[in-house]
A.B. asks: 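Can you keep this structure in mind? I'll have questions shortly.
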Amino acid sequence: MRVVSTLLAVAFCFTAGTVSAEPARKALPPTIAIIIDDMGHSLVEGERLANLDQPLTLAFLPYRPHTDSLARLAYKQHKEIMLHAPMANTRNYGLGPGGLTPEMDEQSMVTTLRRALQSIPHVQGVNNHMGSLLTQQLQPMDWVMKELFRYPVYFIDSRTIASSVAGDVAAAYRIPTMTRDVFLDHEQTEEFVDRQFKLLIKRAKENGSAIGIGHPHKVTVDYLEKHLPKLDEQGIAIATVSGLWAMRNGNRGMFAEGEKQAIRPAFAKKD
């Protein structure tokens, strides 16, 4: 009952904010945010993404070979940094270090998540890597969001399965949250990426804004290098995730000063 009441309260606040912000929003162009997942493995493509002029949001897997150096470079290049938190999936694919699984008790899950957050320099948000199993389960999601609530981070539900409850639980904890609209490149051809990119723009035109998720594949980076500079002439804006959230919420800040506990950077353990 408490969770339902909280969700209703959150929904009311967002509705009220939408009404009050509507005149200003009409003046804004359709806006997209692009998250690039799975950062930290590829140095070459990671550097290309970090050095693009546009305000991308880069989601880093914890403890990968180039996570630390690329996150620091990306931050210097005015990109937004996220933790791409590995979560259990229905196909039993391996998660690598920092993975969250249903077998964990609360303390193990919280410790693993906290260490992963501490391992990502300049982290501002979190989304799920895979997670088609774990994001359906209320108890683990409650533990995850209870921990994230302590810090000044937002949560994006990658929506790897339609029955995910992750976004709803994040909202119940009053964590700033949004959901992925379009996957850009689960087929790695230029034709497919082009079709999905145009779908992302279509959604933004229909709804005012939209979130796309891609990966550091060469075909994706090649496409973004070529097409992101053309957005202006199409009347489309691009923003970081936090910028898009502010646009959707009357340009208010996510967190009051001193409201949250700072994430202390650490060379965290992988287990």
Side-chain angles (χ1 to χ4, degrees), residues 18 21-39 42 44-60 70-71 73-82 84 122 124-125 127 154-159 176-254:
T18 300
E22 195 61 34
R25 184 176 297 169
K26 287 180 179 177
L28 295 172
T31 303
I32 61 172
I34 296 178
I35 300 169
I36 302 296
D37 283 351
D38 294 356
M39 292 290 294
S42 172
V44 172
E45 304 306 336
E47 288 179 340
R48 291 176 68 196
L49 288 160
N51 287 315
L52 290 177
D53 291 335
Q54 293 76 22
L56 299 178
T57 301
L58 305 182
F60 286 85
L70 282 176
L73 170 65
Y75 181 76
K76 288 180 183 177
Q77 297 299 98
H78 310 293
K79 304 302 183 288
E80 194 157 280
I81 309 301
M82 298 176 66
H84 193 39
H122 309 294
Q124 290 182 244
N127 72 341
Y154 56 78
F155 178 79
I156 302 301
D157 189 348
S158 301
R159 203 74 172 179
T177 187
M178 298 184 292
T179 300
R180 182 271 312 163
D181 294 290
V182 176
F183 278 124
L184 296 176
D185 56 3
H186 47 282
E187 291 182 22
Q188 294 171 42
T189 65
E190 183 177 356
E191 294 75 18
F192 185 84
V193 174
D194 183 61
R195 185 162 68 247
Q196 295 301 101
F197 190 76
K198 288 174 179 174
L199 176 61
L200 179 66
I201 291 174
K202 179 174 181 286
R203 295 276 173 83
K205 288 179 176 178
E206 292 170 346
N207 303 315
S209 62
I211 297 173
I213 289 181
H215 300 82
H217 306 308
K218 185 178 185 301
V219 65
T220 305
V221 183
D222 287 346
Y223 186 90
L224 294 178
E225 278 186 339
K226 180 178 179 181
H227 290 273
L228 290 183
K230 300 177 181 179
L231 288 175
D232 277 348
E233 64 192 51
Q234 300 174 54
I236 304 297
I238 182 168
T240 61
V241 167
S242 63
L244 191 68
W245 187 92
M247 189 189 88
R248 290 183 180 182
N249 291 275
N251 208 34
R252 62 186 175 91
M254 285 184 177

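Note that the structure is predicted; figures quoted are calculated from it, not measured.
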A.B. asks: For H215, does its backbone N or O pair with a side-chain atom of D38 as donor and acceptor, under 3.5 Å?
C.D. replies: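 No; zero donor-acceptor contacts below 3.5 Å.
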
A.B. asks: Looking at side-chain heavy atoms only, is the closest gap between F197 and L224 below 4.5 Å?
C.D. replies: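 Side chain of F197 against side chain of L224, heavy atoms only: contact under 4.5 Å found.
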
A.B. asks: What I'd like to find out is whether the side chain of L52 reaches to under 4.5 Å of the side chain of Q77, using heavy atoms alone.
C.D. replies: no

A.B. asks: Looking at every heavy atom in both M39 and G46, which two are closest together, and how far apart are they?
C.D. replies: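 Smallest interatomic distance, heavy atoms only, reads CE-CA, 3.7 Å.
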
A.B. asks: With a 4.5 Å limit on heavy-atom distance, are the side chains of I35 and I211 in contact?
C.D. replies: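 A side-chain contact under 4.5 Å exists here.
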
A.B. asks: Quick check: do W245 and I156 have side-chain heavy atoms less than 4.5 Å from each other?
C.D. replies: no

A.B. asks: Does H78 have more than 12 heavy atoms from other residues, nucleotides or ligands lying within 6.0 Å of its NE2?
C.D. replies: no

A.B. asks: When rounded to the nearest 0.5 angstrom, what distance separates CD1 in I34 from CG in L244?
C.D. replies: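 I34 CD1 to L244 CG: 11.0 Å, rounded to 0.5 Å.
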
A.B. asks: Looking only at heavy atoms, which two atoms of A204 and A210 are closest? And how far apart?
C.D. replies: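 Heavy atoms only, the tightest pair is N-CB, 3.8 Å.
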
A.B. asks: Any heavy-atom pair between the side chains of R159 and F183 that's under 4.5 Å?
C.D. replies: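 Side chain of F183 against side chain of R159, heavy atoms only: no contact under 4.5 Å found.
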
A.B. asks: Is the shortest side-chain N to carboxylate O distance from E191 to R195 below 4.0 Å?
C.D. replies: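 Here E191 does not pair with R195 in a salt bridge, since their nearest N and O are not under 4.0 Å apart.
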
A.B. asks: Please test V219 against T189 for side chain to side chain contact (heavy atoms under 4.5 Å, CB included), starting from the C-alpha separation and ending with a verdict.
C.D. replies: CA-CA 7 Å; V219 65; T189 65; 5.7 Å; no

A.B. asks: Let me confirm one number: the NE2-CD distance from H217 to E187, rounded to the nearest 0.5 Å.
C.D. replies: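 H217 atom NE2 to E187 atom CD measures 11.5 Å (nearest 0.5 Å).
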
A.B. asks: Between the side chain of K79 and the main-chain N/O of A50, is any donor-acceptor distance below 3.5 Å?
C.D. replies: yes

A.B. asks: Any side-chain heavy-atom pair from N207 and D181 closer than 4.5 angstrom?
C.D. replies: no

A.B. asks: Could you tell me whether the side chain of L58 reaches within less than 4.5 Å of the side chain of Y75, counting heavy atoms only?
C.D. replies: no

A.B. asks: Which atoms form the tightest heavy-atom contact between S242 and Q124, and what is the distance?
C.D. replies: OG-NE2, 4.4 Å

A.B. asks: Using 4.0 Å as the upper bound for N to carboxylate O, is an ion pair formed by R48 and E45?
C.D. replies: yes

A.B. asks: Nearest heavy-atom pair of S209 and R248: which atoms, and what distance?
C.D. replies: OG-NE, 2.7 Å

A.B. asks: Working to the nearest 0.5 Å, report the span between NZ of K218 and CD of E190.
C.D. replies: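 One gets 10.0 Å once the value is rounded to the nearest 0.5 Å.
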
A.B. asks: How many angstroms lie between CG in L70 and CZ in F60, if you round to the nearest 0.5 Å?
C.D. replies: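 Atom-to-atom, L70:CG and F60:CZ are 5.5 Å apart.
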
A.B. asks: How far apart are the closest heavy atoms of G212 and L200, and which atoms are they?
C.D. replies: N-CD1, 3.5 Å

A.B. asks: Do NZ/NE/NH1/NH2 and the carboxylate oxygens of D194 and K198 come within less than 4.0 Å?
C.D. replies: yes

A.B. asks: Nearest heavy-atom pair of S158 and R180: which atoms, and what distance?
C.D. replies: O-NE, 3.0 Å

A.B. asks: Quick one: pull up OG1 in T220 and CG in D185 and give me the separation to the nearest 0.5 Å.
C.D. replies: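 Spacing of OG1 (T220) from CG (D185) equals 3.5 Å.
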
A.B. asks: CG of D53 to CG of L56: how many Å apart, nearest 0.5 Å?
C.D. replies: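 These two atoms lie 10.0 Å from each other.
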
A.B. asks: Donor-acceptor pair, T57 side chain versus E80 backbone, under 3.5 Å?
C.D. replies: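 Side chain of T57 to backbone of E80: no pair is present.
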
A.B. asks: Does any non-hydrogen side-chain atom of N127 lie less than 4.5 Å from one of V241?
C.D. replies: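 Heavy-atom side-chain distance check fails, nothing below 4.5 Å.
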
